[in-house]
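Remarks on the structure that follows.
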Amino acid sequence: MERILSSSLRIANRLLQDNSITATELTEACLKRAKQTTKYNAFITLTRNEAKNLSEASTQRYREQKPLSEMDGITIAMKDNFCTKNIKTTCASKMLENFTPTYSATVYDRLIGAGAVMIGKCNLDQFAMGSGTIDSIYGPTKNVWGFEDEDFYIAGGSSGGCAIAVSTGACFAAIGSDTGGSTRNPASYCGLVGLKPTYGLVSRLGLIPLVNSMDVPGILTRYVDDCVTVLNVIAGHDPKDSTTLTKPYRKISLPSANKLGVKGLRVGLPVEYYSSNLDEEVLEVWEEMAQLLEDHGADVREISMPNTEHSIVCYSILNQCEVASNMARYDGIEFGFRADINTSTEQLYATSRSLGFNDIVRNRILTGNYFLLNRNYEAYFNQALKVRRLILNDFDKAWEDVQVLLTPTTLTTAPKYKEFKNKTNRDQCAFQDYCTQPANMAGVPAVSIPIKLSGSGMPLSIQIMGRNLSEPMILALAKFIESKVKFVQNSPLS
Amino acid sequence: MFSNLKFPKCSLNGISRCRNFSTDKWKSVVGLEVHAQIQSTSKLFSGSPTEFTNPVNRNVSLFDAATPGTLPVLNKRCVEAAVLTALALNCRVNPISTFDRKHYFYADLPAGYQITQQRSPIACNGFIDFHVYAPGVHKHSYAARSCIKQIQLEQDSGKSLHDETRSLVDLNRAGVPLMELVFEPDLCNGEEAAALVKELVNVFECLQTCSCKMEEGALRVDANVSVHKKGQPLGIRTEVKNIGSIRAVAAAINYEIQRQIALLEVGENVVNETRSWNSDSRVTVSMRDKEEKQDYRYMPEPNLPPLYIAMGPTTWGCVNAEHIKKLIPQLPHEIRKHLKEECNLTTEQAIILVNELKLLRAFTSISLNKKLNATLIANLLINDFLSLVNKEKMDLDGITINPSFFGDIVELLQNEMVSHKSVQFLMGEMLKSTSKTVKEIVACHDLLQINDENEIRRICEEVIEDNPKMLQQYLKGKKKVFKALLGIIASKPDSKVNMKKATELLQNVLDNLKK
């Protein structure tokens with residue numbers, strides 16, 4: 001059973017199908033694993049009872065040989081910014097510490113509808129504002145790689161809890177969210193596959209928003225095939241999210257690795273991603289992968305995306321404006337934290353909001369409101385929208401020459417908590433999101449896959465981006481690379 | 001600060017004369033903003049019902065309460081209603097419009113912002129033509145036009161209820177669909193504004209896109225008012241809110257004009273502020289909580305894609321304006337035209353009928369009987385019937401007009417079968433919802449006029465015989481006596497004499513006697 005926990009979703013599914021294991025046993029093993037690994041702080045809530053019920057129902061279905069899907073009985077975890085009916089959804093904040101939604105996110109409904117068993121809700125930076133999973137009222141999430149009690153590496157973020165839940169083997173897949181890299185960044189630091197789908201491919205209903213125009217539910221798994229399986233369950237039009245694409249989703253089916261090839265594939269290396277902050281080893285891996293693809297017949301070439309350098313500041317402005325707006329609803333009236341104040345409505349708002357939000361959230365609200373003031377709107381928000389259009393144009397232009405882009409995911413391997421926490425949140429994000437957030441600005445799909453370990457034993461990853469709805473292509477390429485680099489065997493817990 | 005100034009309560013002094021109203025010195029400028037709730041069973045962005053009479057906080061979905069993670073989904077019916085209204089009001093419908101968030105903190109605004117269409121509304125550049133005719137103020141009606149700057153779709157807010165110790169929030173109204181119609185400041189006074197609103201109500205009732213129940217807040221009027229001297233730039237304006245009826249539109253605006261003039265006359269300034277109309281004391285009062293200038297920090301609504309409206313023979317888009325255009329029914333101005341040209345009514349008759357939907361419907365079905373004289377029908381409805389309703393202190397809304405009953409009355413009068421006096425009696429019977437037919441009532445109360453000339457002549461002779469003195473006076477040349485004699489004929493108990501014929505015959509009898 002222990003070995004199953006670090007295997008792939010497909011293997012687990014096969015074992016369930018031939019009744020070698022039951023969904024109940026699998027869930028129990030996963031919950032046990034989660035309990036054994038609490039020191040990493042992956043979970044905010046373990047949903048033992050719900051998991052037990054779901055797994056028993058699944059066991060029954062397998063007994064009747066009527067599983068709902070490939071994911072029936074497969075354990076998953078959700079980032080704690082997805083609403084789950086009757087299960088606390090905190091956003092790792094005091095504001096929503098006691099918030100129990102009465103509805104579920106579409107993504108969650110679809111997974112449960114496919115028979116998946118959720119074992120818990122994962123840690124994140126408050127309201128997903130961060131790239132380290134260190135700003136949670138439940139404490140930081142710790143990386144399993146290079147772990148030492150006092151001196152640990154961060155898991156990345158903001159979906160760090162999800163990454164560690166998958167890394168530890170407590171589940172096969174986790175649903176994170178990705179606004180500027182929040183799924184790919186922890187995937188990169190934790191040696192996982194992290195997919196940010198095309199904007200609009202996966203419903204955002206029930207995902208507590210950070211930046212509506214960039215948020216997408218993300219997928220974290222140990223294997224590319226697992227990621228495909230999950231995507232096939234959650235993707236597709238949702239009438240309750242007007243920004244989802246109405247075109248029917250066609251399920252992705254990847255050929256086996258030995259049938260995959262890259263001959264003739266036009267791969268672009270955007271020169272602007274050679275940042276001065278790029279770590280030597282990351283650069284090396286990037287070049288190795290370019291070489292690997294070239295060796296297998298791909299047409300690898302350097303291209304230019306000149307507006308990349310403006311992306312992060314533009315992202316920062318748009319992020320803060322939408323945050324200011326999205327956070328306006330947290331006033332302590334209808335739901336969430338309410339301060340014990342009854343002098344006036346204004347005072348109630350002010351106190352609830354200043355106690356309920358941490359300084360990072362408050363800071364972004366304040367800045368965003370400043371940018372949105374009538375006198376500043378043109379100079380900041382509208383200007384940022386224009387720059388966003390330029391960045392999108394960069395991508396559109398790139399697709400004239402190449403089919404996919406190959407870049408680093410993060411500039412470095414996971415930093416140590418002690419050095420990371422001394423930076424301001426803005427610097428943390430500006431630095432960590434450099435390679436990831438352009439994909440959010442443009443809406444295009446991107447996947448991070450682990451390649452190898454650094455000299456200090458930390459995972460090194462690479463990012464593949466493609467044009468809108470090119471998930472079949474970028475995932476196939478990811479699977480090709482995965483089969484060549486054979487990374488996952490190195491997992492510290494296996 | 002205003003306590004030493006006395007304003008005539010709702011005085012029309014000097015502001016009534018004509019369209020280009022002005023006192024000797026002052027010109028007033030009025031522009032309206034109208035919020036009309038769209039007649040729709042569900043809200044603008046959620047599936048919750050809009051039923052006004054439901055208990056507090058019953059019509060509230062998760063989205064309406066701004067529950068985290070919920071998203072808006074645009075209600076197609078509201079788009080259709082807005083496009084239909086825009087087309088009926090001669091607007092340009094925009095093929096692409098977008099939604100914005102307007103931010104402010106208030107307990108009855110759960111999201112902290114209202115979704116509206118500030119930057120790129122669904123329609124713009126329209127106009128409405130209407131007639132200004134307030135009987136008692138104007139001798140004759142005059143035509144007017146107000147231009148529409150834009151029509152935008154937006155959410156209504158909830159309601160806050162305050163008592164001394166606490167505030168309560170009712171979110172039933174939160175998210176109810178609104179059309180905001182922004183008019184250009186091209187009106188002169190309260191009567192024009194009231195006439196515009198009345199015409200708007202007529203249009204909405206034709207289109208059935210707004211219930212116009214002002215008492216339920218389904219139609220809300222805000223007025224921007226300023227005054228200036230001729231040849232000088234526009235004055236500082238105030239915004240008057242909380243106007244609860246069409247009559248109040250005229251009163252509030254006229255009051256505000258007089259208030260501003262009175263201030264300026266004594267050398268004070270008008271303050272740019274929001275004022276509330278108090279319908280009890282009939283004054284406008286400054287709304288202190290709205291004094292502070294708000295920055296609404298508008299931002300595009302990221303959860304709603306642009307709204308596309310198809311214009312030609314295409315299938316894309318949320319709705320198709322060409323198809324909707326075909327659904328426009330006969331509009332009030334067309335009905336008035338029809339009444340004047342086809343039924344030969346006067347402009348004023350046409351205005352009154354169109355303004356009173358109930359009378360119009362009655363008129364339309366009664367006049368289906370082509371034998372009946374349209375002018376007579378209109379006169380009976382507008383004069384006799386309406387004054388009877390007013391006399392009985394009844395409300396037109398609660399009355400059913402039985403068209404065949406009314407038609408029978410008209411027919412009897414037209415054929416001189418009954419007297420005008422009996423008509424009023426018969427109408428009274430109709431208001432009492434009698435189960436009898438007109439014929440039965442006429443028979444029962446013996447209302448048929450005496451039209452037989454011999455009989456009438458006999459009565460005339462009888463009256464003359466009974467009043468020899470009066471006859472002598474008449475014969476001496478006192479013509480006035482004629483009327484007195486007629487009066488006696490008319491006032492005879494149970495007199496049912498056709499007075500028109502009686503006049504002729506009395507003259508005839510007297511003339512014979514002269515000889």
Side-chain angles (χ1 to χ4, degrees), chain A residues 81-83 89 91 95-96 99 101-106 127 200 203-209 211-215 238-244 318 321-322 324-331 333-336 342 344-346 348-350 353 368-377 381 385, chain B residues 45-47 57 60-76 99-115 118-119 158 160 162 165-169 171 174 289 292-308 316 318:
Chain A
N81 59 351
F82 282 92
C83 286
T89 300
C91 279
M95 186 56 87
L96 293 182
F99 175 61
T102 55
Y103 80 109
S104 291
T106 299
F127 288 97
S203 169
R204 291 183 295 115
L205 180 83
L207 166 61
I208 296 178
V211 185
N212 303 278
S213 64
M214 299 186 207
D215 290 343
D238 177 6
K240 291 175 180 167
D241 176 357
S242 310
T243 62
T244 52
L318 295 177
C321 291
E322 284 205 32
S325 176
N326 287 334
M327 295 293 143
R329 69 188 58 211
Y330 300 100
D331 54 17
I333 305 286
E334 282 85 10
F335 46 80
N342 52 18
S344 74
T345 315
E346 288 75 15
L348 172 68
Y349 287 176
R353 287 166 68 79
N369 276 321
Y370 174 79
F371 292 146
L372 287 176
L373 285 176
N374 204 22
R375 64 172 191 272
N376 296 334
Y377 184 83
F381 188 79
L385 286 183
Chain B
F45 297 120
S46 79
N57 284 322
V60 186
S61 68
L62 293 169
F63 175 79
D64 304 324
T67 307
T70 53
L71 296 169
V73 179
L74 181 59
N75 181 343
K76 191 174 167 183
F99 292 92
D100 299 294
R101 291 179 177 183
K102 175 183 180 179
H103 298 88
Y104 60 93
F105 280 111
Y106 209 70
D108 55 26
L109 188 75
Y113 56 82
Q114 173 199 34
I115 304 179
Q118 198 244 356
R119 290 191 172 92
S160 298
H162 308 282
T165 53
R166 58 192 180 152
S167 297
L168 299 168
V169 178
L171 294 182
D289 58 329
E292 208 177 317
K293 190 115 178 88
Q294 291 251 25
D295 189 322
Y296 292 118
R297 292 159 284 127
Y298 285 100
M299 189 191 90
E301 166 58 66
N303 292 324
L304 290 166
L307 169 57
Y308 293 98
W316 56 270
C318 176

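Residue contact with chain B, scored on non-hydrogen atoms closer than 4.5 Å, is absent for A:Glu346. For a residue to count as touching a neighbouring chain, one of its non-hydrogen atoms must lie under 4.5 Å from one of that chain's; by this rule A:Phe99 touches chain B with the side chain only. Only the backbone of A:Leu207 comes within contact range of chain B, with heavy atoms under 4.5 Å apart. Heavy atoms closer than 4.5 Å to chain B are found nowhere in A:Pro101, neither backbone nor side chain. Contact of A:Asp331 with chain B is made through the side chain alone, with heavy-atom distances under 4.5 Å. Contact annotation for A:Tyr330: only side-chain heavy atoms (C-beta onward) come within less than 4.5 Å of a heavy atom of chain B.
Between B:Phe99 and B:Phe45, the ring-plane angle classifies as perpendicular under the 30° and 60° cut-offs.
Note that OH of A:Tyr377 is 12.0 Å distant from CG of B:Asp295, once rounded to the nearest 0.5 Å.
Using modelled atom types, no side-chain atom of A:Asp241 and backbone atom of A:Ser203 make a donor-acceptor pair closer than 3.5 Å. Looking at B:Arg297, its side chain never comes within 3.5 Å of a backbone N or O of A:Ser325 through a donor-acceptor pair.
Here the side chains of B:Val73 and B:Phe63 are not in contact, with every heavy-atom distance at 4.5 Å or above. Two residues are said to be in side-chain contact when any heavy atoms from C-beta on lie closer than 4.5 Å; A:Phe371 and A:Leu318 fail this criterion. Under the 4.5 Å side-chain criterion, counting only non-hydrogen atoms from C-beta, B:Met299 is not in contact with B:Tyr113.
Annotation: maximal heavy-atom pairing with chain A below 4.5 Å, among B:Pro72, B:Ser160, B:Pro300, occurs at B:Pro300. Looking only at heavy-atom pairs under 4.5 Å with chain A, the residue among B:Arg119, B:His103, B:Glu301 that has the most is B:Arg119. The candidate with the highest count of non-hydrogen atom pairs below 4.5 Å against chain B, out of A:Thr89, A:Ile333, A:Leu373, is A:Leu373. For the set A:Asn81, A:Thr243, A:Asn374, A:Leu372, the count of heavy-atom pairs under 4.5 angstrom toward chain B peaks at A:Leu372. With chain A as partner, the option from B:Ala107, B:Pro302, B:Pro68, B:Ala111 having the largest number of non-hydrogen pairs under 4.5 angstrom is B:Pro68. Chain B forms the most heavy-atom pairs under 4.5 Å with one residue out of A:Gly368, A:Ser213, A:Gly206, and that residue is A:Gly206.
A side-chain donor-acceptor contact under 3.5 Å links B:Arg101 and A:Asn326.
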